[in-house]
Structure formats: structure tokens, C-alpha cells
Amino acid sequence: MDVALTETELETIWLTLRLATTVTLILLGVGTPLAWWLARTRSRWKGLIGALVALPLVLPPSVLGFYLLLAMGPQGPLGILTQALGMGTLPFTFWGLVVASVFYSLPFMVQPLQTAFESIGERPLEVAATLRASHLDAFFTVAVPLAMPGFLSATMLTFAHTVGEFGVILMIGGNIPGETRVVSVQIYDHVEALEYLQAHRLAGVMLVFSFLVLLALYAWRPPPPKGG
Amino acid sequence: MPGGPPHPKGDDLQNIVARFKTVWPGFSLDVDVELPGSGVTALFGPSGSGKTTLLRCLAGLERVASGFLNFKGQIWQSENTWLPTYRRPLGYVFQEASLFPHLTVLGNLQYGLRRTKQANGFILQQSIELLGIGHLLERKPDSLSGGERQRVGIARALAVNPQILLMDEPLAALDLKRKQEILPYLERLRDELDIPILYVSHAPDEVARLADHIVLMENGRLVAQGPLVDVMARLDLPIRLGEDAGVVLDATVAEHDPAWQLMRLQFSGGSLWARRLDLPIGRRVRVRVLARDVSLATRPYPDISIQNQLAGVVDAITDDEHPGLALVRVKVGDSSLIARLTKRAAASLHIEPGITVWAQVKSVALI
């Protein structure tokens, strides 16, 4: 059995990693303030926003993909916006996948961060304030270091979840080699074409990758720091 | 007017004027108080009396809509002013030391120092020495004992060179042994710092030992305030030292009697003999005299075992908790003693305000 990966498969894996990295970085930027707000607000909107963030956890990917496809299409609000900006429409492009994945992976970033921020509590931030730290200063020098285990889980989960995405990608991106064809879609193609050997190779790569991520998450998670 | 006087009075440059009024579900705070700008002021009261809330309002950790705070001429809060906590020149010690677990002891001490404009390494060094934590600097907080953590917490608050130190029951989370370990450091703070200290406590022994001034709170309201020695001597206030009523006297060690192992403690109004301790002449001490250890006579008795007999004038009598007992306050010079008598004894000796009596003090305890 030839276990070496072909040029096409390597391209697919590279695209998949690029997508997952881009989405994870964007979600670190978007998800962190959202998680911070959810962890600390007393607003009556908290429940609503929290439910919206969690929606991709329970929604079938095809449903989410369908609505995103409409929104990004020429008549959809996102589509009108991107066309006005001279970017054309997003479906069947790499950035279309990125936008869709950001929505789909949002809870995997926000929920671990929210839990981590909530477990810090009010006290360390009050201490920081009595030591002359402004809110932003205290966030970066106290909240972020104390929530570091949460950041690690959130990053790994988001990355792994984006790598493993299938349904939303198929709805938004189709199957364009080098542009939108990711590993999970290519495995589907191989199976459809009864190319079990090729499917085995890529599926094996995914299996090992996912296992290693989870192993890292469960085995190396640092013990929660004891409060002083 | 609720916004306070437009021009601070002379006292406002020395003192802390605070007015806070707010209602939460199940709790309300309504205080209007002028706190001294020097010495140790104890905010004293049972749990739920609002003393911690008042402290948090002073620090800006709690924001009540209707509040006014003038710290020695600086307006920290008024109708149209709000200075956030991080811009108030204060140090705050929390009940649990609340050290940052991701930083070493030194990192904790430097956290505030780095953010303080008028900070300098000298103050950090002083704080480290004052609290005796020089050997702990490289350690992480979770490897420290509770007492060590609290000492680091106090040093961290001092390292920002604050103009006032706020302490929220710094000993309450510690066991008796740790308390005894920290109390001497708190006494050093009191004696060596020239900034005011506000000290929240519900423990009468701590207050009697540390405070110069006391603010008594109950149900979110101020019950009484004044110099500790005066407030303790008030018969209408239920402050108990341990289980009993009594007074606190500020005294100095005046004389040692090595032959009989006694020392004479001079206070304003007289002196008392107590068991000798190895203290230098002139050392300031604080003693407490419980009401149950004081009896009264209408003339001096040479032939009894009680060595401490002080002449004084009865100035107030009140009922004690038991209907058969009375508390009698006797002025001895500028100081006061409280004696507990049966009402029958008080009646048969014709004890009433204005008469001269000899207070016989059976026991004096240094605190």
C-alpha cells in the first residue's frame, strides 16, 4: 500500500491548516471581548447573546450553511456589503469558508473563554484597580494570564473543530481544488469514487491529528492556579 | 445641599469627609461621617453592619449614586466627580490576601509599584522590611502560609506609597496563631506610618489593641464615633472586650520593681501596678480594665490585698444586663474606669454621680 500523500492531498491539507489558523486567529480577536462581556455583564441581553453564540452547537451544519449561503449571495446582506466593497461575493471562495467557519466555530472559542473568565471572579480585578491598573491594563496583566488554561482549550478546540468541518464547507465552498477543497471534503470525494485507499490515508491523518489535539488538551492542561 | 460645601473648610484639608446613601435589596447604607486624617480608625460593628461596604465606597470599588467623598481636600466623589479606584492614592488590603497567583511575591509587590508615578524602590524596600518578607520574594503565593500571604498583601498595598491604607478585616481569615503572628506587624504599621489607616473589624480585641479612633456601625448606620478610649468608656454603648464591659487606657511604663516583679504603668489620672514584663521605661502600652475587676469603696482600705486603689469621682450609673447589677463609671483624672456592682451595694454605699470613691482594681491586662 502506498502511504505517501500525493501533491493534491498535500495541497488540501495545507489549505485546511490555513483555514483553521485564519479562523482561530479571527475568533481569538472576536471571541475574547465577547466572552469577557458575557462573563461579566449584568445586561438583560446576556441570555439572548449567549443563546445565539451557542446555536451552532445544535444547529445542523446544512441549516447554518444554507442561511450563510443566502446571506453571502448577491441578494443577501453580506453579499451586498462585499459587492459594494468591490470584493465580489464570498461563496465558493476561501474567504467565504473563513466567514462561515467563524460563525460555525464561535461557541468553541467563546464558551471555554467565558468559563475561564467567570472562574477568575471579581476580586483579582479589584486588587489590580487598587494597585493603579486601569481596566484595560488589568485585563491584559491579570485576567489574560489567569485565564490562560481557558485560552489554550479554546484555541485548540476551535482549531480542531474548524479542521474537522464538513457540512458548512460543502454548502458554502463546494469543492474547488486549491481554493475550497479541505480534507474532510476530499475524503468524501474519495469515498464517493470508491477510492478507499486514498480515503484511508487522509482519514488516518485526521484521526491521528484529532487524537493528538485532545490528548494535549486533557494530558497537559495545567492545574488551575490556587488563589492567593 | 447634597453636593457638599463648595469651599472646603480648614478641617477638610486634614480629614476625610464621606457621605454615602444607598438602598440595596435587604440592606441600606446611610452614613455621613468625618474621619480623622491620621492614626488608626477602626470601623467596628457586627457582620452586616455595612462597615466593609463603607470601606469599598471609600475605595471606589462600590459606586453609590448618592455619594460624596472629600479626602483631605481632594474630591474623590461628588455629584459630578468620580475618581476611579485606580486613580485614588490608596492602598487596600483584602480579607483574603488575594495575591496574584501567576506572579511571584516580588512580582506581586512590583505590580502596583510599576504603575505608581511617585513610587520608588526605597518604599518597596521599607515595606519588605516592615512586614519581614525579604526571604519570600522568589516564592509563588501558593507556597506561602496564610499569615505570610497576608503580610505580602499588606506590603503590596504599602509599596504604592499610598496616602491612606484601607484594611478589610485582614485577620479574619486567619486562625489564632496566624493572628498573633501578624498583629505585631500591624502595630509597627501604626507606629511607623504617618498615613491614616482605616481598619474594618468585628473583633473587639483587635480594635482595642490597634485603634486610636473608633467608628461604630450597625445596620448600615453610624452609631457612635470618637477616640477609642472615650468610646469604650461610654456606658450606653454595648462594646464588649471579650465577654465583658471594660475600658481601655493608654499608658506608659514608668517604673520597674524587680524585687516584687511588678511594673508601674502611668496613665493620665494615675498609675497602676501590673505584673512585670520586659519592657523599656517610657514604652507606650495599652491596658484594659474589665468592669468585673473593679470594685468601689467610699474610703481607701490599707489592709486589703488589692494594691491598685485610685481616687475618683462617680460620673454616671446605668443598668447592666442583669436587673440586679449596675455599671458605674468613675472619672480618675482624665481617664475613666467602669465598675460593676450589685444595685444593693450601690444603694448601701450611696453611690451617685458626684461622690468621691476609691476604685479598687484587681486585675490589669496589657493588650
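The sequence lines fix the lettering, A, B, ..., with proteins before strands; numbering per chain opens at 1.
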Please determine whether the number of non-hydrogen atoms from other residues, nucleotides or ligands lying under 6.0 Å from atom [atom1] of [X] exceeds 12.
X       : atom1 : value
W45(A)  : CH2   : no
F159(A) : CZ    : yes
Y188(A) : OH    : no
F66(A)  : CZ    : no
E138(B) : CD    : no
F166(A) : CZ    : yes
H202(B) : NE2   : no

How about residues 82-95 of chain B versus chain A: which residues have heavy atoms under 4.5 Å apart?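 Expected list: T85(B), Y86(B), R88(B), P89(B), L90(B), Y92(B), F94(B).
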Please list, in residue-number order, every residue in residues 45-62 of chain B that has a heavy atom less than 4.5 Å from any heavy atom of chain A; write 'none' if there are none. R56(B), L61(B)
Shortest non-hydrogen contact from R132(A) toward P162(B): NH2-CA, 4.2 Å
Note: P124(A) and F100(B) closest approach over all heavy atoms is O-CE2, 3.4 Å
So CG of L131(A) and CG of N108(B): to nearest 0.5 Å the spacing works out to 8.5 Å
Is there a donor-acceptor pair closer than 3.5 Å between any side-chain N or O of H102(B) and the backbone N or O of T141(A)?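 Yes; at least one donor-acceptor contact below 3.5 Å.
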Is there a side-chain contact between R115(B) and D137(A) (heavy atoms, below 4.5 Å)?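 The answer is yes, as the side chains (C-beta and beyond) meet within the 4.5 Å cut-off.
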